[in-house]
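Below: one structure, written as structure tokens.
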Amino acid sequence: SFVLHNSLPVPRLVYSRVGIAGPPLWNRTLLSSDPLPSMMPAIQQGSFAIALTGLGLMADSYDFSIINLVRPNLEEEFGTLTPGEDAAITCASLLGAMLGQICFGAIADRVGRRLVFVTTASMICVFSFLSALARPGFLGHSIYAWLALFRFGMGLGIGGEYPLSAASAAENAGPGASAQALATVVAGMAFGTILGPAVVMGLSLGLGLPNQKVWRWSFGLGGVFAGVLAVLRYRHLQETASFQLASGTATSPTAAAADAEESPSPAEGRADKGHSQALLKMRWCLAGTAGSWFLYDIVTYGVGLFSSTIFDTAPGMETAMVVLQINVIALLGTAVGIALAPRVRMKRIQMCSLGMMALSFAILVHYSAHLGVQDGPSTLAPLLIFGLMRAFDNCGPGMSTFTIPGEIFPTRLRGTAHGISGAVGKLGAVVGTLAFPFLNDVASMPVIMGLMAAVCLLTIAWTWVFVPSYGPEELDIIAKYDVSTSIERQAAMAERLLFAPHTHKGELDDLAASSKLEGAKYS
């Protein structure tokens, strides 16, 4: 049989494995009924929405990492940064991101994805332009103080992008394809790290701009990217159908019919307000996603935002070239991660890649004579090994720490849980970025590389204990209860299923219907 879907006939699929009949929640459109989108088949509409999401993360990654490239330009014009100033302008955006992830993730689970998505992009646009226009001495404050303030505001917007991007990609692709969709979206971050040095090189070499203008144009272009995305989202993006159905806001005849079919007791799920209790029901999963992200970000931000310090470079072209070489090597890991996502479980990918990162740092201890501000790189070996470490990063935890919380939490909890996980991760990023300048002053580079290897090993142990191993089957079952079960009961069922994947479907139905959910054991 067929149902009407945005004026297009879409075959009704029957998912007997989990007892879902009718058009799957995740194939219903994100996009508006404007002439161009409405002419595209549903799968193309979902792909367009995922593409917008990936481009957003690419712009976010550019805005985050551009400070690493223009730091030498700023010091050349305004004087050497003290360790406190260096940490402040680097950490300001991270602190803003922490707050943005928690606040906007929770808001998105209550008011919807689209409004928050447009708001976050608009904030990034405004504060990026303010960074580009910053002036020293304004109201008696240094330019570094103003940049820290504006980058904090930009970080608020970027933080909101993370849970929104995960929710949007997962809810468009569906349980069977969400891993690869999320991995593809995360790839936008890798391309953002390429875009940064490419822009700086283009401004310096292609346009011949002086260093005093390069940093302003670099910040300003970040505002342009975010502004374009804000307009595209406002013009084309609407709510995911999964969120509309789970929250009871679906209005189309198709969605309403499917809602009635698939939800024997929809009012129960829609009326409940138990997000806090639901998070407690999934505390084991939340500990896994938040804890592993925290430890991982200590490493990736601790060394990632200071590559121009690790490999001592001159402002402009030399800095951009070194960063570009590292990030091009890292793209290999991004491609491998996208290929592995639908074939290998995320937990295994995360653990294996972290092991290779630890090995890379151990090797870099040996090459410590070629690292640091005193010597600079005298061979290509340290640069190549550092680039390979970033490739394992992109292939593994750089993808999986974002993907896992985007998949395992129910629709009504996804933004909140992903936001909390990401915020705890950004706390690790703050630890890493605050620690690196001071460790670089008081300790040697071998000590720093050795500490990074140790943190990677600790992250492996944490992942082994707290992160569930799951596949599309478990995600299918969790999605079934989006509209037929209260969020607290669905969360308890999901936690039990993820840590006891052989639980019989009948047991899960009993659990979903039961009000006595305490004492569930994790295996």
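The basis for the numbers below is simple: all heavy atoms, side chains too, and nothing from hydrogens, waters or symmetry mates. One-based numbering along the sequence shown. What you are looking at is a predicted structure, and each value in this text was computed from that prediction instead of being measured.
Here the closest heavy-atom approach between residue Ala339 and residue Pro342 is recorded as O-CD, 3.4 Å. In plain terms, the two heavy atoms of Leu99 and Phe152 that are nearest each other are CD2-CZ, 4.4 Å. The two residues Ile194 and Val328 make their nearest non-hydrogen contact at CD1-N, 3.5 Å. Ala226 approaches Ala121 most closely through the heavy-atom pair CB-O, 3.6 Å. Nearest heavy-atom pair, Leu331 versus Ala190, reported as atom, atom and distance to 0.1 Å: CD2-CB, 3.8 Å. Contact detail for Thr289 and Leu286: the closest heavy-atom pair is OG1-O, 3.2 Å.
The line from CG of Leu55 to OG of Ser165 is 10.5 Å long, rounded to the nearest 0.5 Å. With values rounded to the nearest 0.5 angstrom, Arg216 atom CZ is found 7.5 Å from Leu133 atom CG. Atom CD1 in Ile326 sits 11.0 Å away from atom CG in Leu388 (nearest 0.5 Å). Taking CZ of Phe117 as the reference point, atom CZ of Arg114 lies at 12.0 Å (rounded to 0.5 Å). Rounded to the nearest 0.5 Å, atoms CG (Leu147) and CG (Leu74) are 6.0 Å apart. Here the CE atom belonging to Met389 is positioned 7.5 Å from the CE atom belonging to Met449, to the nearest 0.5 angstrom.
Asp109 places a side-chain N or O within 3.5 Å of a backbone atom of Thr416 that can act as its donor or acceptor partner. With Glu85 contributing its side chain and Tyr144 its backbone, the two residues share no donor-acceptor pair below 3.5 Å. Here the side chain of Ser61 pairs no donor or acceptor atom with the backbone of Met58 at under 3.5 angstrom. Between the side chain of His418 and the main chain of Ala166, no donor-acceptor pair closer than 3.5 Å is present. Between the side chain of Asn394 and the main chain of Ala330, a donor-acceptor pair closer than 3.5 Å is present. Under a 3.5 Å cut-off, the side chain of Arg113 and the backbone N or O of Leu164 do not form any donor-acceptor pair. Put simply, the side chain of Ser93 never gets that close to the backbone of Gly155: no donor and acceptor are under 3.5 Å apart.
Using a 4.5 Å cut-off on side-chain heavy atoms (C-beta onward), Trp217 and Val199 make no contact. Here the side chains of Met346 and Tyr470 are in contact, with some heavy-atom distance below 4.5 Å. In this structure the side chain of Val455 never reaches within 4.5 angstrom of the side chain of Phe361, judged on heavy atoms. For the pair Val228 and Val231, the minimum side-chain heavy-atom distance is 4.5 Å or more. Looking at Leu149 and Trp146, their side chains come closer than 4.5 Å, going by heavy atoms from C-beta outward. Met154 is not listed as a side-chain neighbour of Ser131, based on a closest heavy-atom distance of 4.5 Å or more. Residues Leu209 and Ser204 are not in side-chain contact: their nearest non-hydrogen atoms beyond the backbone lie 4.5 Å or more apart. Side-chain contact between Gln101 and Ile420 is absent, with no heavy-atom pair separated by less than 4.5 Å.
Applying ring-ring contact (aromatic ring centres under 6.0 Å, His included) to Phe225 and the options Phe129, Phe219, Phe191, Tyr62 leaves one that passes, Tyr62. Exactly one of Leu130, Val126, Ile89 qualifies for a side-chain contact (heavy atoms from CB on, under 4.5 Å) with Phe150. That residue is Leu130.
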(request) Go through Ile67 and Val70 one step at a time and tell me if the side-chain contact (heavy atoms from CB on, under 4.5 Å) criterion holds. (result) CA-CA 5 Å; Ile67 191 66; Val70 302; 4.3 Å; yes

message: Determine whether Thr334 and Cys395 satisfy the following criterion, side-chain contact (heavy atoms from CB on, under 4.5 Å), listing intermediate values before the conclusion.
response: CA-CA 5 Å; Thr334 301; Cys395 174; over 6 Å; no

Exercise. Please walk me through it: do Met189 and Asp60 pass side-chain contact (heavy atoms from CB on, under 4.5 Å)?
Worked result: CA-CA 7 Å; Met189 296 185 190; Asp60 298 340; over 6 Å; no

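Within 6.0 Å of the NZ atom in Lys347, the count of heavy atoms belonging to other residues, nucleotides or ligands exceeds 12.
Note that Arg414 lies outside the cation-pi zone of Phe409, set by a 6.0 Å cut-off to the ring centre and a 45° limit from the axis. Figure legend: cation-pi geometry between Lys426 and Tyr162, with NZ or CZ positioned under 6.0 Å from the six-membered ring centre and within 45° of its axis. Under a cutoff of 6.0 Å and an axis angle of 45°, Arg151 and Phe64 do not form a cation-pi pair.
Checking Ser360 against Arg390 by side-chain atom types alone, no donor-acceptor pair falls below 3.5 Å.
A salt bridge is absent between Arg135 and Glu77; no separation between the charged side-chain nitrogens and carboxylate oxygens falls under 4.0 Å.
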